[in-house]
Amino acid sequence: AQTIHQWPVAEIKAVGSPLSLGCTIKGKSSPNLYWYWQATGGTLQQLFYSITVGQVESVVQLNLSASRPKDDQFILSTEKLLLSHSGFYLCAWSLYRANSDYTFGSGTRLLVI
Amino acid sequence: GDQVEQSPSALSLHEGTGSALRCNFTTTMRAVQWFQQNSRGSLINLFYLASGTKENGRLKSTFNSKESYSTLHIRDAQLEDSGTYFCAGLNTGYQNFYFGKGTSLTVIP
C-alpha cells in the first residue's frame, strides 16, 4: 500500500528565514506529485506539480520553489519567508495527471511571525 | 473568477438527520473529488467520480458533468461527521484540481 509522509508537522518561523518542507511517497514508482497551500480559513490552491524526477512546474507564484530530487521525494522551499506564507501545506500524489484521484498527506502547519 | 462554487458555506445538523452539499462548476470538469477535512487538517478522500453516482455507507455522491454540478448527500449524521467538506473539480484544460471554499458541517447531539 502507498503511504505519503510529510515533515515537519508544524513550524513557527521568523519573517526572512528559510524554509524547507518535505514529502515522501512510498509504495508507488513514478507518482505525480503536488504541493497545495491552504490559507487559514481558506480553500486549497495548487502551487506546484511534478510528473518525474527533476521536473517541477509552477502553478501559482508565491515566492516559493519546489524540487524533486528523487522519484519519491518532493521538497517545498524558500530562502526568505513572508508573513503571507503562513498557512497549511499539503502534499498529494496521483497515478495520472488526468482522470485520477488525489491522495493527500497529513500536512504541515506553518506560522510565520 | 472561482471555478467551483460550493454551498452551503456552513451547515448544522442534528444527529440522525441528513442534508446535501452542492458544488457548481463554471467550467467543464473531467471529474470531481470530495474530501472531509478533520480538525487536524488532514484531508480524507471520500469519493472520486468521473460521472454518475457512488455510495459509501451513509454518504452518496453524484456528478453530473453535462450540467456541471456535483452533490454529496449525508444521511443519519453522526457526531464524527463534523468537519469541513471540500469538493474539487478536475479541470479538463489545465489538469488541475480546483477546490471549492468548503462547507463547515457541525453535527449537534
Side-chain angles (χ1 to χ4, degrees), chain A residues 1-11 21 23 25 31-52 55-61 66 86-111, chain B residues 1-10 21 23-52 54 56 61 63 65 70 72 83-104:
Chain A
Q2 300 87 8
T3 59
I4 178 168
H5 174 60
Q6 280 189 247
W7 75 92
V9 172
E11 283 254 58
L21 305 181
C23 174
I25 288 78
N32 294 288
L33 298 175
Y34 312 88
W35 277 111
Y36 275 79
W37 172 69
Q38 184 181 31
T40 303
T43 190
L44 290 99
Q45 195 172 24
Q46 190 176 100
L47 301 177
F48 299 95
Y49 71 86
S50 170
I51 295 173
T52 189
Q55 177 269 343
V56 176
E57 297 292 335
S58 172
V59 178
V60 172
Q61 288 294 332
S86 291
F88 193 50
Y89 290 84
L90 285 152
C91 178
W93 76 272
S94 71
L95 197 57
Y96 310 108
R97 274 217 80 211
N99 216 10
S100 175
D101 66 334
Y102 283 22
T103 299
F104 283 83
S106 54
T108 296
R109 199 163 297 279
L110 173 67
L111 176 62
Chain B
D2 291 345
Q3 300 204 27
V4 182
E5 298 165 347
Q6 189 171 346
S7 62
S9 57
L21 315 181
C23 281
N24 291 324
F25 306 112
T26 58
T27 60
T28 302
M29 298 297 183
R30 187 191 298 265
V32 67
Q33 192 165 357
W34 283 91
F35 299 90
Q36 179 193 20
Q37 187 170 40
N38 62 22
S39 57
R40 294 180 57 196
S42 294
L43 281 176
I44 301 161
N45 185 2
L46 298 175
F47 295 104
Y48 174 85
L49 299 103
S51 65
K54 285 188 178 179
N56 184 6
S61 182
F63 176 43
S65 54
S70 177
L72 176 69
T84 302
Y85 290 78
F86 288 98
C87 67
L90 183 58
N91 183 289
T92 55
Y94 296 98
Q95 298 177 335
N96 180 6
F97 265 111
Y98 290 90
F99 279 76
K101 293 183 178 178
T103 295
S104 176

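All values derive from a computational prediction rather than experimental measurement. So you know, we letter chains A, B, ... as the sequences are listed, proteins then strands, and number each from 1. Side-chain atoms are counted along with the backbone in the values below, which use heavy atoms only and exclude waters and symmetry mates.
Between atom CD of residue Gln33(B) and atom OG1 of residue Thr103(A) there is a gap of 7.0 Å, rounded to the nearest 0.5 Å. Expressed to the nearest 0.5 Å, how far CG of Asn96(B) lies from CD of Glu57(A) amounts to 12.5 Å. Between Asn45(B) atom CG and Tyr102(A) atom OH the span is 12.5 Å, to the nearest 0.5 Å.
In this structure, the portion of Gln37(B) lying under 4.5 Å from any heavy atom of chain A is its side chain and not its backbone. Looking at Phe35(B), only its side chain comes within 4.5 Å of chain A, counting heavy atoms on both sides. Proximity to chain B is limited to the side chain of Gln38(A), based on heavy atoms less than 4.5 angstrom apart.
Residues meeting the side-chain contact (heavy atoms from CB on, under 4.5 Å) test with Ser9(B), sequence neighbours left out: none.
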Apply side-chain contact (heavy atoms from CB on, under 4.5 Å) to Thr43(A) and Val4(B), showing your working. CA-CA 11 Å; Thr43(A) 190; Val4(B) 182; over 6 Å; no

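When side chains are defined from C-beta on, Phe97(B) does not count as touching Tyr34(A), because their heavy atoms never get closer than 4.5 Å.
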